[in-house]
Student: 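Pasting in a structure now, in structure tokens, and then I'll have a few things to ask.
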Amino acid sequence: MASYADFYRRSIDDRDAFWAEQAQLIDWQTPPQTVCDYSNPPFARWFAGGTTNLCHNAVDRHLAERGDQPALIFVSTETDQETIYTFRQLHAEVQRMAAVLQGLGVKKGDRVLIYMPMIAEACFAMLACARIGAIHSVVFGGFASGSLATRIDDAEPTVIVSADAGSRAGKPVPYKHLLDEAIQLAKHKPKAVLLVDRGLAPMKLVEGRDQLWGALREANLNAQVPCEWVDATHPSYTLYTSGTTGKPKGVQRDTGGYAVALAASMRYIYCGNPGETFFSTSDIGWVVGHSYIIYGPLIGGMATIMYEGTPVRPDGGIWWQLVEKYKVTVMFSAPTAVRVLKKQDPAYLTKYDLSSLRTLFLAGEPLDEPTAKWISEGLKGKPIVDNYWQTETGWPILAVCNGVEPTPTKFGSPGKAVYGYNVKLLDDQTGAELTGANQKGVIAIEGPLPPGCMQTVWRDDARFVNTYWSSVPNKLVYSTFDWGIRDEDGYYFILGRTDDVINVAGHRLGTREIEEAISSHPNVAEVAVVGVADQLKGQVAMAFAVLKDAGQLDDPAAMLKLEGEVMKVVDGSLGAVARPERVRFVTVLPKTRSGKLLRRAVQAVCEGRDPGDLTTMEDPAALQQIKDLVAPVV
Ligand code: ATP
Ligand code: MG
């Protein structure tokens, strides 16, 4: 077995040979002639000239060997449904969907906007688009009409696929009227809207535009739609970033590079084998859902669980019950979900037989020590592996690659630079590379980005270059806009977003550092720290914490005492310079719908500014609490 260090080196120093080998993990109709065309940086064209198809690699390719094995396991604890589709059944459903989309006028290169709950038909629709060379654009089902309208105008879809309703905590969440409003608001009008009627909410159909999946499926039961062989560089989808730091960016992904990157990641990072079951608790509206609910596991010949429901219904054991039932070997979730489970009885974690489970992967935001410890202890020492990446990259930038060489994890670190990523730490003021250990800087990637990463911003090459590749003068490097350090062993630690770095009297601190310190207080469940302009010190840190025991929230004296305690904890671990000016207590923090803290909104409110684009915010009441707390007393 090669050492990871050698494997990594080769991926950078002998890039083309390395990726030519990985390209053999997937099927090609025409093998690529070139590996990486980087003649027009920063635009990388991976495997140009090769033709392939994502749906073929996810579905058709497995028919001969595992046609009758589970491919898609749809579980809804909202509607009490559980349906297993074998690869053969999935193949049939996808062809039905593909025939229906073609019947509605969708052609190669056309966009199809998918605004759907976590139901099997959403998976059929994504794969059907890939099959016929259409470009899907999945919009998270929780978005309201305004956000949806912007995305309709950006994607200009030929067809929109949707449903009558989603469901949350047992209550239907109607979609159709939001969709109708969005289409009204949008300048672009789709030719047709294809609707899955789940019988959850009444729908008024628009004549000549709205079509029902149920009827059209029946009419296409025996459809045979061959895969459209597309160039490796043909766009497979567009997807928006979470909008944590500003206006969401439309990420465009290719076909061949993405398939190769995912196939390789299943082997080297997630270590999932064909015939096993993968369970990602994300949503198809996010990048994790694209890469590791749909494409990655299926390309790897694994069954994938698509779960509609919360982690705590019917009880806090539901995910572990599914692990037992479907013998899940690889599980993927987010720290925010684990924090939800933390409020449940830990006995749920040991109630089921989890012997099949090898690893729980977590990604999406910093994994704090108390959360990591809680889940690791609860799962009786099963490995918890943090990994760091972005919608833009589509697969991990930082991780431990146990499929190459067993690698220990370090607490608080998502691991080392992943093969293919030439990761650098840069001084954010000068752009100079920081080569020493334990220096703080911006995490950047020298071009070309590896296969699977974004090709460009959809229809906006200039925005791609200006947003991501222009932060260092005279040097083409991709900025992640995350701030971190690397230790002497090559492990990275994320300290927060570059936007969030706090400058207190000349000391530069990542929000993550202060948050980590505060969350070690036994009564703190969750905390957000932001830098707020201060005439004297430049900036001061402000903290907003959610308490585990919120019983005394109405008692000002108790809160003042607690505030003092929390400040002491910070003094003890980081020094008085990092001590927040105030620590205030709230019942909930403002987050994006993908579960990320919206620090920019908190900061704006603290500085009395307009918080800007809040369309991706989960619960407006959370920001209101902070507004009420910081409002000047008149
Ligand atoms: P926007 O770019 O629109 O502001 P966003 O950055 O939140 O939104 P995503 O692509 O969903 O959109 O999130 C990627 C970001 O999430 C990373 O840049 C990083 O800040 C954070 N992140 C992801 N995984 C981890 C991790 N394992 N540890 C720490 N932070 C993480
Ligand atoms: Mg981002």
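Just so you know, ligand 1 is whichever comes first in the structure, and atom 1 is the first atom listed for that ligand.
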Student: Return yes when G243 approaches ligand 1 closer than 4.0 angstrom through a heavy atom, no otherwise.
Tutor: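 Under 4.0 Å: yes for G243.
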Student: Tell me if the centroids of the rings in F43 and F464 come within less than 6.0 Å of each other.
Tutor: yes
Student: Which ligand 1 atoms are under 4.0 Å away from a heavy-atom of W389?
Tutor: 14 (C), 17 (C), 23 (C), 24 (N)
Student: When you measure from atom 9 (P) of ligand 1 to every protein heavy atom, which one gives the shortest distance, and what is it?
Tutor: T391 OG1, 3.4 Å
Student: Is the closest N or O pair between N387 and ligand 1 shorter than 3.5 Å?
Tutor: yes
Student: Does the pair D283/R593 count as a salt bridge with the N-to-O cut at 4.0 Å?
Tutor: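 Salt bridge: no.
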Student: Can you check side-chain hydrogen bond (donor to acceptor under 3.5 Å, both in side chains) on T241 and Q390, steps first, answer last?
Tutor: CA-CA 8 Å; T241 59; Q390 306 183 305; over 6 Å; no
Student: Please classify the F481 to ligand 1 contact at 4.0 Å (heavy-atom distances, strictly less than): side chain, backbone, both or neither.
Tutor: neither
Student: Quick one: does ligand 1 sit under 4.0 Å from the side chain of D386, the backbone, both or neither, non-hydrogen atoms only?
Tutor: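 The part of D386 near ligand 1 is the side chain, not the backbone.
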Student: Can you find a side-chain donor-acceptor pair between T244 and S242 that sits under 3.5 Å?
Tutor: no
Student: Aromatic rings Y419 and W395: how do their planes relate, parallel, tilted or perpendicular, breaks at 30° and 60°?
Tutor: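 The arrangement is tilted - the two ring planes meet at 30° to 60°.
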Student: Measure E365 to ligand 1 on non-hydrogen atoms and call it side chain, backbone, both or neither using the 4.0 Å cut-off.
Tutor: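 E365 to ligand 1: backbone contact only, side chain stays beyond 4.0 Å.
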Student: Measure the distance from atom 29 (C) of ligand 1 to every protein heavy atom, then report the residue, atom name and distance (to 0.1 Å) of the closest one.
Tutor: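 For atom 29 (C) of ligand 1, the nearest protein heavy atom comes out as P366 N, 3.2 Å.
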Student: Any ion pair linking K373 and E377 (charged N to carboxylate O, less than 4.0 Å)?
Tutor: no
Student: Just to confirm my output: which protein heavy-atom neighbour is closest to atom 7 (O) of ligand 1, and how far is it?
Tutor: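 Among all protein heavy atoms, the one nearest atom 7 (O) of ligand 1 is T244 OG1, 2.4 Å.
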Student: What's the verdict on side-chain hydrogen bond (donor to acceptor under 3.5 Å, both in side chains) for S291 and Y258, showing C-alpha distance, side-chain angles and the deciding distance?
Tutor: CA-CA 9 Å; S291 293; Y258 187 49; 2.8 Å; yes
Student: Should E526 and K342 count as an ion pair when the cut-off is N to O under 4.0 Å?
Tutor: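 Looking at K342 together with E526, the answer is no, because their closest N to O distance does not fall below 4.0 Å.
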Student: Nearest protein heavy atom to atom 22 (N) of ligand 1, by residue and atom, and its distance?
Tutor: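 Sorting protein heavy atoms by distance from atom 22 (N) of ligand 1 puts G364 O, 3.3 Å first.
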Student: Can we say E618 and K591 salt-bridge, meaning some charged N sits less than 4.0 Å from an Asp/Glu carboxylate O?
Tutor: no
Student: If the test is side-chain hydrogen bond (donor to acceptor under 3.5 Å, both in side chains), which one of S280, S282, S265 qualifies with Y292?
Tutor: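 For Y292, the side-chain hydrogen bond (donor to acceptor under 3.5 Å, both in side chains) test succeeds with only one of S280, S282, S265, which is S265.
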Student: List the closest protein heavy-atom neighbour of atom 17 (C) of ligand 1: residue, atom name, distance to the nearest 0.1 Å.
Tutor: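 Heavy-atom neighbour on the protein nearest atom 17 (C) of ligand 1: D482 OD2, 3.2 Å.
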Student: Any idea which protein heavy atom is nearest atom 2 (O) of ligand 1, and the distance to it?
Tutor: K249 NZ, 3.2 Å
Student: One thing to verify: whether E515 and R599 come together as a salt bridge, which I'm taking to mean a side-chain N less than 4.0 angstrom from a carboxylate O.
Tutor: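 E515 and R599: salt-bridged.
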Student: How far is atom 6 (O) of ligand 1 from the closest protein heavy atom, and which atom is that?
Tutor: R497 NH1, 2.7 Å
Student: Out of E392, K596, Q390, whose heavy atom is nearest to atom 16 (O) of ligand 1?
Tutor: K596
Student: In terms of residue, atom name and distance, what is the protein heavy atom nearest to atom 11 (O) of ligand 1?
Tutor: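 Of the protein heavy atoms, S242 OG, 2.7 Å lies nearest.
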Student: Quick check: R512 and ligand 1, any N/O pair under 3.5 Å apart?
Tutor: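 No, no N or O pair falls under 3.5 Å.
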Student: Between K247 and ligand 1, does any nitrogen or oxygen pair lie at a separation below 3.5 Å?
Tutor: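 Checking ligand 1 against K247, no N or O pair falls under 3.5 Å apart.
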